[in-house]
There are 2 protein chains.
Amino acid sequence: MNETEPLDHSVCKATVRPIRDALDVLNGKWKLPIIVALTFGEKRFGEIAKEIDGITDRMLSKELQDLVANGLVRRTVEDTFPIRVTYALTPHSQSLNEVIESLRKWGILHRAYLVNEEK
Amino acid sequence: MNETEPLDHSVCKATVRPIRDALDVLNGKWKLPIIVALTFGEKRFGEIAKEIDGITDRMLSKELQDLVANGLVRRTVEDTFPIRVTYALTPHSQSLNEVIESLRKWGILHRAYLVNEEK
DNA sequence: CGGTATCCCCTATGATACTG
DNA sequence: CAGTATCATAGGGGATACCG
């Protein structure tokens, strides 16, 4: 390394990568609503759909697949008739609690800040 | 209120709103890279551009405006010739530290989780 | 240097219909 | 009930050129 300049640069990238990873997992319009809906306990596909205003079957299905792929949600098919599919948060999803809580707190703080500024 | 069902529903929405607010402020491909770049100290437009791989002038300009509007970044025009514009984080942006840190930690944790699962 | 204006494309999401 | 298939659309973001 010849100069100090590239230092910032690589530190910067190394810092941002995990942050982006995290945001990517949580992103999309419906991921958080789904996760929050499931914090009240295991639910069926139709129940989640009813809980979340405006979501379509297509999006619910897609986002659930994403969450399952990321190990945050468990999908269980009960072999009844008609079949019954339930979704629930996984133990791994608990690790998100701190993240979600800090986002929630900051969202509230920031809204208060904006209201105060616009006076 | 007649049933217990609508309870989840409204609690759910009230919980999600601030979380979405927070995510909206941080979202977009470049907001975090810009914020992180500025944690190393005040920088000029061109310096930020050089720091962040792949960003175009257009996006940098647009995202900086967003960050300024949200009170996270301060823009200062120095009346020299040619003019010199510097950007720096505001005190309010410090309140994001906990959020960013928890996202960063979770990003790392989650990546480790995924690697472990795929074995 | 520090941007803005234009044009263009692609991905995320929505609407609707259909199936086991 | 629990989805998938198909089509349509808005806006986020890239490329390029230009401006004070």
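A note on names: the letters A, B, ... follow the listed sequences, proteins ahead of strands, and every chain is numbered from 1. The shown structure was predicted, so the numbers you read here are calculated from the model rather than taken from an experiment.
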(request) Using atom CD of B:Glu78 as one end and atom P of C:dG3 as the other, report the distance to the nearest whole Å. (result) 12 Å
(request) Take the protein atom CD of A:Glu47 and the nucleotide atom P of D:dG3, then report the distance between them rounded to whole Å. (result) 13 Å
(message) Let's see if you can work this out: which of D:dG13, C:dG3, D:dA2 has an atom nearest to the side-chain heavy atoms of A:Arg44?
(response) D:dA2
(request) Could you check how far CD1 of B:Ile55 sits from C1' of C:dG2, rounded to whole Å? (result) 14 Å
(message) Looking at B:Arg74, is its backbone amide N or carbonyl O close enough to the side chain of B:Thr90 to form a donor-acceptor pair, meaning the two atoms are under 3.5 Å apart?
(response) no
(message) Using the side-chain heavy atoms of A:Lys62, tell me which of these nucleotides is nearest: D:dG3, C:dC1, C:dT13.
(response) C:dT13
(message) Whether B:Glu63 and B:Lys29 form a salt bridge (side-chain N of Lys/Arg under 4.0 Å from carboxylate O of Asp/Glu) is what I want to check.
(response) no
(request) Counting heavy atoms from C-beta on, name the nucleotide in D:dG13, C:dT13, D:dA2 closest to the side chain of B:Glu63. (result) D:dG13
(request) Starting at atom CG of A:Leu60, determine the distance to atom P of C:dA15, rounded to an integer number of angstrom. (result) 15 Å
(message) Assuming nearest nucleotide by heavy-atom distance, tell me which of B:Asn27 and A:Asp57 is located more 5' along DNA chain D.
(response) A:Asp57
(request) Report the distance from atom NZ of B:Lys29 to atom C1' of C:dC9, rounded to the nearest whole Å. (result) 13 Å
(message) It should be established whether A:Tyr87 places a side-chain nitrogen or oxygen under 4.0 Å from OP1 or OP2 of nucleotide D:dG3.
(response) yes
(message) Given D:dA2, C:dG3, D:dG14, identify the nucleotide with an atom nearest to the side chain of B:Val85.
(response) C:dG3
(request) Measure from the side-chain heavy atoms of B:Thr56 and tell me the nearest of C:dG3, D:dA15, D:dG3. (result) D:dA15
(request) From the options C:dG3, D:dT4, C:dA5, select the nucleotide whose nearest atom is closest to the side chain of B:Arg58. (result) C:dA5
(request) Measure the distance from CZ on B:Arg84 to C1' on C:dG2 and round it to the nearest whole Å. (result) 13 Å
(message) Checking side-chain polar atoms at under 3.5 Å, does A:His110 have a donor or acceptor matched by the opposite partner on B:Asp21?
(response) no
(request) For A:Pro82 and for A:Gly54, find the nucleotide of DNA chain C with the closest heavy atom, then tell me which residue's nucleotide is more 5'. (result) A:Gly54
(message) Checking contacts here: which listed nucleotide (C:dG3, D:dG13, D:dG3) is nearest the side-chain heavy atoms of B:Trp30?
(response) D:dG13
(request) Side chain of B:Phe45 only, please: which of D:dA2, C:dG3, D:dT6 is the nearest? (result) C:dG3
(request) Taking only Lys NZ, Arg NE, NH1 and NH2, and the carboxylate oxygens of Asp or Glu, determine whether A:Glu47 and A:Lys50 approach each other closer than 4.0 Å. (result) no
(message) Checking contacts here: which listed nucleotide (C:dT4, D:dG3, C:dA15) is nearest the side-chain heavy atoms of B:Gln65?
(response) C:dT4
(message) For the residue pair B:His9 / A:Asp53, report whether a side-chain donor-acceptor contact shorter than 3.5 Å exists.
(response) yes
(request) Nearest whole angstrom, please: distance from the C1' of D:dC1 to the CG of A:Asp79. (result) 14 Å
(message) Using whole Å, what does the distance between atom P of nucleotide D:dG11 and atom CE of B:Met59 come to?
(response) 15 Å
